[in-house]
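Below is one structure, written out as structure tokens; comments come after it.
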Amino acid sequence: MGRIRDDAHLTTRRELLARAAALGLSGPALAAFLAAFGDAPEIASAASATGGTPKRGGMMVVTGHQEISSLSPDDAGPTVHWTAVTQIHNALLELDENYALLPVLAQSYESAKDGLSHTFKLRQGVKFHNGMDFTADDVKYTYEWYINPANHAINANNFEGVDSVQAVDKYTVRVKMKVPNAAFLAKGATTFIVPAAYHGKIGERGYKVAPVGTGAFKLKEWRPAEHTVVEAFNDHFRGRPYLDFFRVDIVPEPSVRAIGIQTGASDSAIWPLLTEDSLKFAKDTNYTTFRTQTLGVNHFPINNKRPVFQDKRVRQAMMHALNRQRLIDDIFKGTAVLATSNLSPAMKGYYEPSVQQYPYDPAKAKALLEEAGWKPGGDGIREKGGAKLSFTCFAITGDQARRPEAEIAQQDWKAVGIDMKIQEAPVATITEKLHKGEMDASLFNWTYGGSYGDPDPSLTLRSNGGNNWSHFENTRVDSLIDAGLKEIAPAKRKQIYSEIQKIVADEVPFIYLMYWDWYNVFNKRVKGLPKTAFNGPQLYRKANEWWIG
Amino acid sequence: MWRYLATRLLQGVVVVFLVATATFVILHLVPGDPISILVGEASVSQQQVDAIRHLWGLDRPVYEQYAIWLVNMARGDFGASVIRTGVPVTTMLIQAAPVTVMLNVCAFLVSVAIALPVGILAGVRRYSVFDYVGTVGATLGVALPSFWVSLMVIILFAVKLGWLPPFGLGSWKGYVLPVAVLATEQTAVIARLMRGSIAAALGQDYVRTGRAKGLAESVVIVRHAVRNALLPVITVLGYRVAFLLSGTIIVETVFALPGIGRLLTDSVYHLDYQVVQAVALLLAALVVAANIATDLVYAFVDPRIRIR
């Protein structure tokens, strides 16, 4: 990711922070992240989001920070894209704002006990915007399109392990798996369905600019860098939406997005505002503000293969030496929560709070370092066998949000005899070098499980994971990850992911700091909003239930 | 004249080619590529990434990519955007250009319309109150960063007064604030220059001669002093074209206008090579053209200069 300024952070559904990392950086924008708070992610102000009798008519305007370069579901990773694409499409199952999977185009679904097949009963009487009926053939076509390597689908991996997709009858689809993959429901089955006949004729290239779905809104006007307008679809299967139009305006500057809300030029900002603006809106009863936590953890990935980081006691000492709450309070104005392991507290169903904790305790940090054989040298930096306890952290070039974090951490570590040097490099350089094991450490946000609401961390915590930034190798974690993907029963999965969190908290493969808060502000005139949300970006899939009061 | 023009054009082509090549080199020195950004954190296997890279020819050696790009360029094919998958860059330029052209033409006209009279008046009435006020205004206009000025005018006119929209191009009103911001610095620069230039001209012998032979003061100023004083101003105007465009980037970002400036910044963030290269090429061509045009106008205004 090259200088990703944009998109990153929280793309919530897919990749949260991956790019976040990148993103974070975006100048002033970035700072944006954030909301505040601490214990329970819930809505802040506003109780009266609902209220009143629904009224039909009007246009709701939301603002995003980067252009919507395509309206194809395969390109809908970035939050702003997704907000438009989700109005136009539906999936068999959809993740709601509380991380629950809801049947939408599916009426019901069932997974075989052995996890080798998933059967979906489809809703009948659903129409696409072009008047065609939605049937099992559309599901089969869509899924097979992603699976076919010739199509180079970005999201092909969401269908990993799928053996075949069968249209059992007009309204029944069975997905057979080669190996059990519990994440299929959260990843594959939440893929938006495109109409087979239309997409087949027009192709993906054509579809990107002229999407046709079953969604509550159909495309009216698309100007990538300016705005995207969708209008109510009268034949939507859940009923015509109250709003006549829903528009996404592209406004790169966070302060201008805040002004947009303030002046009524827009009703909500899908990409966060500057922290101080978010906090201001949260206190103002003229606005409804949702505070949620991000899924990507703000952390220092550290190369576990490097001699300085090989001893677990050193890594634990680094945790104890850091005053993480001070980082949250001083740098992020309290708009983050302490990380306890690899999963965000927003992942309520899987978050495990009972793990080893690392309160700020420099004395304990020193003791752990002594125990590990690192003794203070003449300059105060610890040494062992002639080697200094010293490493270099690469912050992202121009990262105004995280560079100060690194500087404060540097002081905390120095106080216990650990020397961290800080340099800067572009995101792409950082990810590439971390990958190759050519870098000691960096500082960014990334998800270690949680994308799509599924806790599977195979990309980041598995020994051979493509984004195993810290080169963490733990055979127990590897086998737990495999077991988690094979297990269908939610209760058993929870146990598995709890154990992974406990191991991560004990091993400290990377120095985890906090989960940033995420704010979504709505003008009070928008009615019908849900009462709570754990996933801010996912709120916007409910625009079909909102009205202007 | 034609021969001169041909030489200048040829030189211009060389300059544009060098700028485009430098852009190509610099862009490819930046780590990463558009595919890594396109894919983001999606769990995509290396084979898939390689396949997508192959699809876009990004797996070829850089010199090959350069050669292909040169050939395409020579045929007038700017290529396609990776981020807006497959949309021809030409289409993107055509969509974005009207916004930027409109902004800059308006800003140019507004600034010239204000700056020339103000500068002339200040130059003629040097050290008057008008002159001092103009000087302070011009200094502020040059010194204040346009990013800040943009936010301030939004707060004043959109938030406090509610007269104009804070962003976007919903109606012609959307152009007012960005044009005003763009014109501010430009106006300040030209006004300062015009003032100095006219003041210098007023000390010249031909002005004294004009007055001595009994010409009306207005004739002396307009016909003699201004005409001569305009020369350096015109040079700077041509040269300012490049500045105008850089100002456009900030203004388009703050006011959320879908012009060339935004296209450039967006594509740089995404390392969308073809788009960045095309915009750089276009801007280089524009600056070269502006310079040639300035020289031609120069000859027209100053009878002492003859183009051969």
Side-chain angles (χ1 to χ4, degrees), chain A residues 1-8 11 14-20 22 26 63 66-67 69-70 72 75 77-78 149 152-158 160 204-205 208-209 223-227 249-253 255-256 259-260 262-263 265 426-429 431-432 446-447 451 458-459 466-467, chain B residues 30-49 51-55 81-87 92 95-96 99 147 150-151 154-155 158-160 162 165-170 250 252-259 262-263 265-272:
Chain A
M1 32 206 71
R3 6 188 106 209
I4 311 197
R5 287 173 157 204
D6 16 0
D7 274 285
T11 298
R14 287 155 173 185
E15 27 233 356
L16 290 177
L17 291 248
R19 322 190 215 168
S26 34
T63 49
Q66 70 168 160
E67 73 163 45
S69 54
S70 155
S72 163
D75 298 320
H152 301 300
I154 292 173
N155 294 295
N157 277 32
N158 289 340
E160 207 174 322
E204 174 69 2
R205 285 268 170 106
K208 284 170 193 289
V209 304
R223 299 194 194 187
E226 188 177 0
H227 61 229
D249 281 0
I250 310 307
V251 181
E253 268 306 308
S255 43
V256 178
I259 287 170
Q262 209 179 334
T263 58
V427 176
T429 308
T431 52
E432 188 186 325
W446 206 280
T447 50
S451 300
S458 40
L459 271 179
N467 298 330
Chain B
V30 176
D33 68 19
I35 306 303
S36 54
I37 289 158
L38 191 69
V39 165
E41 202 192 345
S43 49
V44 177
S45 70
Q46 194 55 44
Q47 283 123 303
Q48 265 173 287
V49 172
I52 298 175
R53 229 166 236 149
H54 179 73
L55 199 66
S81 162
V82 171
I83 299 300
R84 253 189 239 174
T85 341
V87 174
M92 295 168 78
Q95 283 170 352
V99 173
F147 177 79
S150 299
L151 288 176
I154 291 176
I155 289 173
V159 180
K160 301 281 178 214
F167 59 81
L169 288 178
I250 291 167
E252 286 178 5
T253 301
V254 177
F255 290 96
L257 309 175
R262 275 274 303 289
L263 187 62
T265 47
D266 281 355
S267 47
V268 168
Y269 297 154
H270 291 118
L271 288 181
D272 203 348

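Each chain gets a letter, A, B and so on, in the order its sequence line appears, and its residues count up from 1. Because the structure is a prediction, the values reported are computed rather than measured.
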Contacting moiety of B:Leu257, where chain A heavy atoms sit under 4.5 Å: neither
Got a second to check how far [X]'s [atom1] is from [Y]'s [atom2], nearest 0.5 Å?
X        : Y        : atom1 : atom2 : answer
B:Ile154 : A:Thr263 : CD1   : OG1   : 9.5 Å
A:Glu67  : B:His270 : CD    : NE2   : 7.0 Å
A:Asp249 : B:Leu169 : CG    : CG    : 10.5 Å

Between A:Ser72, A:Pro149, A:Pro224, the one whose heavy-atom pairs under 4.5 Å with chain B are most numerous: A:Pro224
Chain B interface, residue from A:Glu204, A:Glu226, A:His227 that has the most non-hydrogen pairs under 4.5 Å: A:Glu226
Closest heavy-atom pair and its distance - A:Gly260, B:Phe167: CA-CE2, 3.7 Å
Minimum-distance pair of heavy atoms, taken over all atoms of B:Thr253 and A:Pro252: O-CD, 3.4 Å
Toward chain B, the part of A:Ser458 with a non-hydrogen atom under 4.5 Å: neither
Per-residue contact mode, A:Gln262 against chain B (heavy atom under 4.5 angstrom): side chain
side-chain contact (heavy atoms from CB on, under 4.5 Å) evaluation trace for A:Ile250 with B:Arg262: CA-CA 11 Å; A:Ile250 310 307; B:Arg262 275 274 303 289; 3.3 Å; yes
Minimum side-chain heavy-atom gap B:Pro258-A:Arg223 below 4.5 Å: no
Partner set under side-chain contact (heavy atoms from CB on, under 4.5 Å) for B:Ser81, not counting sequence neighbours: B:Ile83, B:Arg84, B:Met92, B:Asp272, B:Val275
Counterpart residues, side-chain hydrogen bond (donor to acceptor under 3.5 Å, both in side chains), relative to A:Arg205 (two or more places apart): none
